Structure formats: C-alpha cells, structure tokens
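Remarks on the structure that follows.
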2 protein chains.
Amino acid sequence: MARRSTRKNAFYAQSGGVTAVINASACGVIETARKHRSEIGKVYAGRNGIIGALTEDLIDTSKESARAIAALRYTPAGAFGSCRYKLKSLEENRREYERLIEVFDAHNIGYFFYNGGGDSADTCLKVSQLAKSMGYPIQAIHVPKTVDNDLPITDNCPGFGSVAKYIATSVREASFDVASMAKTSTKVFIVEVMGRHAGWIAAAGALASTEDCELPVVVLFPEITFDRKKFMAAVDAKVAKYGYCSVVVSEGVKSPDGRFLADQGLRDAFGHAQLGGVAPVVASMIKEDLGLKYHWAVADYLQRAARHIASKTDVDQAYAVGQAAVQMALAGKNSVMPAIVRKSDKPYRWAIGEAPLKKVANVEKMMPKGFISRDGFGITPRCRRYLEPLIRGEDFPPFKNGLPQYVRLKNVAVPRRLDTDFEI
Amino acid sequence: MARRSTRKNAFYAQSGGVTAVINASACGVIETARKHRSEIGKVYAGRNGIIGALTEDLIDTSKESARAIAALRYTPAGAFGSCRYKLKSLEENRREYERLIEVFDAHNIGYFFYNGGGDSADTCLKVSQLAKSMGYPIQAIHVPKTVDNDLPITDNCPGFGSVAKYIATSVREASFDVASMAKTSTKVFIVEVMGRHAGWIAAAGALASTEDCELPVVVLFPEITFDRKKFMAAVDAKVAKYGYCSVVVSEGVKSPDGRFLADQGLRDAFGHAQLGGVAPVVASMIKEDLGLKYHWAVADYLQRAARHIASKTDVDQAYAVGQAAVQMALAGKNSVMPAIVRKSDKPYRWAIGEAPLKKVANVEKMMPKGFISRDGFGITPRCRRYLEPLIRGEDFPPFKNGLPQYVRLKNVAVPRRLDTDFEI
C-alpha cells in the first residue's frame, strides 16, 4: 500500500436522485473539514458520485474558495454530479469494492462520506467492512438524503422537507386558482407528485389546507389501492361542498390489478406505446365519471430542484448532518449515520443523534398506518403534527436580475495516481 | 332610471384565466378608490367576474378591512372569482349589455373597471358605447391582465412577468438537477408551458441561461412549426456539448399538418381517446430518435398561480395599472386602458400611459419575428433585453408555519335591488 501520512484525506460523494439541499450537506461536510485541517487533509469529491471513485475521477474541493463552498448551502442539485449506480453485493462484485479501496489508498483517504438514501447506506457499510478485512480501515459515514423520506431511525430525511414545502405551497396556490375559475371553467385540479413507494410527498399536499385556510384536497397515496368509485365520490363531495377540488396523486398509485395506475397501455395513432403520467389518467377518469372540467400538472424535477422555496428547517438539517458526519469521523466513529432526532413537536426542537449503519441499510420506512385518514384520501392530525415543522422557515437564495444565483464549482480534477482503468 | 347621487359607485370584475398578480390590480383599484371617497362611493366587485354583474351578484368591498385589501397585493388568483364568459357581440346579444346597464343603474354605478385580456377590453368598449347610447353613461376603463402577454400598445401585460420568472427559475433549477444526473441517468428534461398562440412564456424559459450561468436550453415556440429532424439535431448537439439539455415546449406547438403536437390521437387499452400534454409526446420522440433518458413536467396552473416567486416588477405594474385606472376615471376618461410604457431597458424605467380601447380590443400582439433566434429554438439578444427587466425583483408573500399566507375575503353580497333574474 502506498504513501501514507497520519493526516488522512476525506472522500465525499453524492448518490442517487439529487435534492434542493444535498449541496447544503456537502457544504456542512467541507466547511467542517476545513475547520479541522490538522486532522483532515483535503476533501475529495467523486465526480458523478461513486463512479468518480471507481474511475479515479476525483475533484479537489480545496481548489474552491470559501465563498463558493458557502454558496453550496443555497444551490440545488448535485454540485459534483451524482449517479444512479448501485454497487452489487460483495459476493457478486467484490472487484468494485476492492477498487474503491485501491483508489482510497492511492489518495490517502481515511474518511468516506456517502450522501444518499438506503442503497448508499448499504454501500457505505460494506465499504467499511471490506476495508477492515483488507487491512485498510476507512471510517465510513453515511450522510442521509432522500426526498422519499424513507430512511429508518432518522426522524426525517434532508431533501424531503423542501419538496414538502414546494408541494404544499403549490397545492395552496393552484387551489386558489381553481377556486377562482370554478364557476364557469375548471373545477378539479390534479397534480402528480413523486414517491413511487411511500406517500410522504403526497401527504405534504394535504398541508396546503390549514385551520385558517381550509381547502378541499383529495390525496391518492401509493399505500392505498386505487378505488375509482370511492375516489369519485370523494371528489364529488368536495366539489359539491366547495365548488372545486384539488387532487394530489402520487406517481406510485396502483390499480386493483397491481399495475401502476399511470400504466394505461397508451398507444399513439401509429400504435406505439406511450408513457404518460398518472395525472392525465386521473383527469380523464374525472371527466368520464363526473363530467367536470379539469386541469392537471406534473411537477417532476421541479419539485425536488425548487431551492427557491426550500424549507429553512430542511436546509439547516441538511447542513447539520454534513457537519455531524465530519464530527463523528473526528471522534473515531465508523459505520454510522447522523440521524435527526425530534425532541418535541411544539415548539419544534431537534438534535443530531447517531444511527448504526447496520440498522439503516436496506430498511425502508413507510408511512405509519395512523398517518393516513380512515377514508384513505387525507392525513391524520398525527401526520400533520409530524409534517408541519419540516416545512417551516424560508431560506431564499440570493437573486440577481430576477433569477436565483446558484454556484457552479470549478471541479478541478485530482491528478490520477493509478495506472489502471476501471470499466463500470 | 333609479336613485342617483352625484357620487357614483364603481364596479370591478376579474375576467378569464387568473394570474399571480391580478389581485394586486384589484388592490390598486380599491385602495385608490378609497382615497377618493368624496368622488367614488363604494367599489362593488362582480362575484365570478362579469357573471356577477349579469346576475346582480355583487360583492361589497367596503366590508373588507384595509388590511385585507392590502393583502390582495400578495395573494394570487381571483379574490372575487373570475369567469370564462365572453359576452356576445352587440348584434347577437344586446340583451346582455342592456342587463349590465340595468344592474349598474340599479346600484348607481358610474365606473366600470374590467380586469382582463383582449376579450374583456372589447366588452369594456361595448359597454361604454351602449351605455352612452342608452343615456346612462358609464366610464369604462380596462385594466390589463394576461399571462399570455398578447395585449397591444402596453409594453407588457401584468401577470406575464411573474409566470416568466417562475418558468425561468424552474428551468434553471431543473437544469442543475439534470446536469447532476446526466452521467448515468436523465439527459433531457422537458417542461411544458402555457401559451397556445404566442410564445412569450416559452421564451422566458430561455432566460434561465445567462452569461454568468450558461445552460443548454432548447425552446419550442408555437410560432414555429415543429420540425422533428431539426429539433432532434438541436437537442443532440446540446447533449453532445453539455452532456444534457433542457427543453421548454409551448402547449401550442403544432405539427406540419397543422394539428397541435399534443394531439397524437392517444388511446388507452380500451381504445378510449386520451388527452395528454405535449411534454410526454416530445419526450417519447426523444427516446425514440435519440435513445436518451428523459424526465418531463407540465407546469400548468402552478406557473400562473406561483405568487411565492412573483416578479416585483410585475407586482408593481399590476398595482400601478389598477391605481391608474381609478385616476383615469377621476380625470373623466372613458374607453381607455392604462398601458405600461417602457422608458428604457438599462436601467429599466417605465411609466403608465393611456391606450384607447378602440386600439386594444381584438388586437393580438404576437412575438416579433426578431425575437426568435434564426434556428427557431431560442431567443435573440433583443428579446432578452425586452424580457429581462420583467422578471426583476422579488416580492415574497408573508409566510406562516412554512406556508404563504394569502388572504380570503369575506365577499359580502350587496343586497339585490332588481326583482328580475337573468339566465346566462
């Protein structure tokens, strides 16, 4: 094994779908590491996530100014690039893990900060285990991130709160719009949101309606099999009472036959299969069954990239888990994840705790049963108590000439030290 | 004709699709009228627009507190309700115009402020003409509003700047997202925007890319017939250069056969016709022709309701045209519209001028030819100079518990004075 000094470098990578605040975690990692230069050398980032490590395509974050790094706090998406690349199991592809360690060794990396969801927690754990068995110990710390909010132990996942705020705000605004138009035109507005497996984001749509601003919102959760008749009755009842209705539909809603509701076997005029969203499907059904005029939207990337309407709570927590990851590394921890611990709902108080990766990897946190209202189309007061603090506070980015000013880093490559290429 | 006093009341109504700032115009009208109580009595609003006048369903805005009226400035959509109801021509339905005047007379209304687009400018003009010929003169002032930005004479239309800011911001944010994912996943992001006839909103997508933040954006304008081969070449070139690309597609883009590109004759598994958006159509073509992974979004109402990211310039102008409408009425004007006059681009300066309704009604302002780049997929520097000032400045609404706090008025009905019903 190669050159070694007591002061190890750190490796940081972003994994999977990006969020409005994953760079705030990067900011927390890098700023905190910079405060401990005597203990941590440089922070190298993987260009396009873990692929950067496998191909020895590392970014030297020490080339970035303090100002640029600080700007990561308010810049959405992945500043170093992310990837959808799941390492196979150790048994299936030990070679990949060994390569990671070879690269880490070549660059004197002793800290591995992996910023992602459940899959990356698993990778993080395996890297730490294998490194140990190979006699090149790495302190592997997982930094939680996912708009899906499905990691266990942590109270919530950085990235989720900002999507939730975007969806709640958008549903409120669109509800005001359709309310104005309902007399002669659109009566139902449908918005499709992310969340293939868990209905956390869909649930956030229900936050649009509050005690002091009651709005008719019907939510379609992926946890609840779509029941067309019951759904139409729910929409019809809202329209009868309020004159209009908003529908928040999760992309993951399934038909009774187990298929995604979005998958209607659409064909174009030439018979080619077409992939539509679930929002237009629900819209067409409403037209067919209730004869009501509708409008529909699909938020897609707009929801998770919307840094302009990020939740301050979410930004603060994203930064805090990045910061805590480095502090844990400095304290000699390994195979852990900083977790958000809720101390109280009202007033909302939280702290950073520690979760062993063994308990995080491959565990998916679903919506608790008690969070969906009995009729299946809304959230319970308990769910509201849980969600509300997560969207609190605004943290607007700086604007210039009307547009948010986000940073783009120089992303200078670290000179390669290995002469072997790696095919991925 | 009934009770008359020298101090006339005013009637205000919102028409057509609502915007993030139409209530700012209402705020301008009502606040200004309240400052001239010796000249203008009460401001009555039409419940659901002109329908409220036809059915004598008037709202007494004097029942609202100064605070509630001030909150209209930052509340999206139509606070009194709007409608899609175009009065027929005088020849076709004189009865409707006569009814309006009957209602105005019954409520001692001498000022008619109609807040809408081209159709309502026409209605406004006709009401004033007919009223005169019936011996019940009304001062009819049109207050411009339309996200489509297609009214003549005025430099731009209140409502447009905020949609433009939302679209430019969203395209910038989504571009950052897709840039992070492009290595292994999504390479093209497509967002569908409003604008069936004119490409103003689509053009705003191109603002996402600036000198200090260059982004690959391809715009599909309704003014340019869709050329699949040329479009694919444009996307392919961007992806080759940047690794990814964002596409902004107007809902109004047409195929060479003259049909909307969105209209692909989609059928579900049962053969039922399905209405999809144009974004998924473009996405499927990109997959088919270039084999690139895509994501798509349809902004729909979210774009025009997004008061949280409104342009301050737009809010100020929306208020100013409302205010000016009342000032024009007080100055004895009739059949006019306050118009925004651009004094200079840099620094951006504007004032309120006056446009005769005869020159506004039934004239649609299209994108000038010199605003679309030669290849048909972007905007020219001239277009950028025109658009940029319109999205400048932020004017965030107040937030409470993480959500924008918009006002909902009491909307107390004015007691009816006529004993005749009116069928619409």
Side-chain angles (χ1 to χ4, degrees), chain A residues 18 48 51 76-78 81-85 165 168-170 172-174 176-181 183-185 189 210 213 264-269 274-277 280 284 295-302 304-309 311 388 391-394 396 399 401-404 406 408, chain B residues 18 48 51 76-78 81-85 165 168-170 172-174 176-181 183-185 189 210 213 264-269 274-277 280 284 295-302 304-309 311 388 391-394 396 399 401-404 406 408:
Chain A
V18 294
N48 301 309
I51 286 180
S82 183
C83 66
R84 294 210 177 275
Y85 186 80
K165 187 184 185 85
T169 299
S170 297
R172 174 168 286 191
E173 290 176 335
F176 271 63
D177 191 308
V178 67
S180 329
M181 304 304 296
K183 177 75 179 179
T184 56
S185 178
F189 173 73
T210 53
C213 184
Q264 292 287 299
L266 285 192
R267 310 253 151 204
D268 69 11
Q274 297 286 316
L275 263 184
S284 293
H295 259 252
W296 58 268
V298 176
D300 195 63
Y301 278 2
L302 305 188
R304 73 182 200 192
R307 180 61 182 82
H308 74 271
I309 185 75
S311 150
E388 267 191 342
I391 67 168
R392 281 217 197 121
E394 292 68 55
F396 302 113
F399 281 73
N401 294 336
L403 282 169
Y406 299 134
R408 293 207 285 191
Chain B
V18 293
N48 302 307
I51 287 180
S82 184
C83 65
R84 292 210 179 278
Y85 186 81
K165 188 185 185 86
T169 298
S170 297
R172 174 168 286 192
E173 290 177 333
F176 270 63
D177 191 309
V178 66
S180 328
M181 304 305 295
K183 177 75 180 176
T184 58
S185 179
F189 174 75
T210 54
C213 184
Q264 290 289 298
L266 284 193
R267 309 251 152 206
D268 69 11
Q274 297 285 315
L275 262 185
S284 293
H295 259 253
W296 58 268
V298 176
D300 194 63
Y301 278 3
L302 304 188
R304 73 181 201 192
R307 180 60 184 82
H308 73 271
I309 185 76
S311 151
E388 267 191 341
I391 67 167
R392 284 222 195 117
E394 292 68 56
F396 301 114
F399 281 74
N401 294 334
L403 282 169
Y406 298 134
R408 292 209 283 192

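Scope of the values below: all heavy atoms of this structure, side chains included, with no hydrogens, waters or symmetry mates. Numbered from 1 within each chain, the chains take letters A, B, ... in sequence-line order. Since the model is a prediction, treat every value here as computed from it, not as a measurement.
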Check each atom of [X] against the heavy atoms of chain A and say whether the ones under 4.5 Å are side chain, backbone, both or neither.
X	value
Ser311(B)	neither
Arg307(B)	both
Arg84(B)	both
Phe189(B)	side chain

Hey, which of [options] has the most heavy atom pairs under 4.5 Å with chain A?
options	result
Glu394(B), Arg304(B), Glu388(B), Lys183(B)	Glu394(B)
Ala305(B), Cys83(B), Ala174(B)	Ala305(B)
Ala306(B), Cys213(B), Ser180(B)	Ser180(B)
Ile391(B), Asp177(B), Asn48(B)	Asp177(B)
Val18(B), Val178(B), Thr210(B)	Val18(B)

Exercise for review: Take the angle between the ring planes of His308(A) and His308(B) and call it parallel below 30°, perpendicular above 60°, tilted in between.
Suggested key: parallel

On a heavy-atom basis, the closest approach of Ala299(A) and Ala297(B) is O-CB, 3.8 Å

Between Thr169(B) and Gly402(A), the two heavy atoms sitting closest are OG1-O, 4.4 Å

Max heavy-atom pairs within cutoff under 4.5 Å with chain B, candidates Ala77(A), Gly81(A), Pro76(A), goes to Ala77(A)

The side-chain contact (heavy atoms from CB on, under 4.5 Å) partner of Leu403(B) among Arg392(A), Arg172(A), Lys165(A) is Arg172(A)

* **Side chain to side chain, Ile309(A) and Phe396(B), heavy atoms closer than 4.5 Å** => no

Exercise. Could you give me the CA-CA distance, side-chain angles and deciding distance for Phe176(B) and Arg408(A), then say whether side-chain contact (heavy atoms from CB on, under 4.5 Å) is met?
Key: CA-CA 9 Å; Phe176(B) 270 63; Arg408(A) 293 207 285 191; 3.6 Å; yes

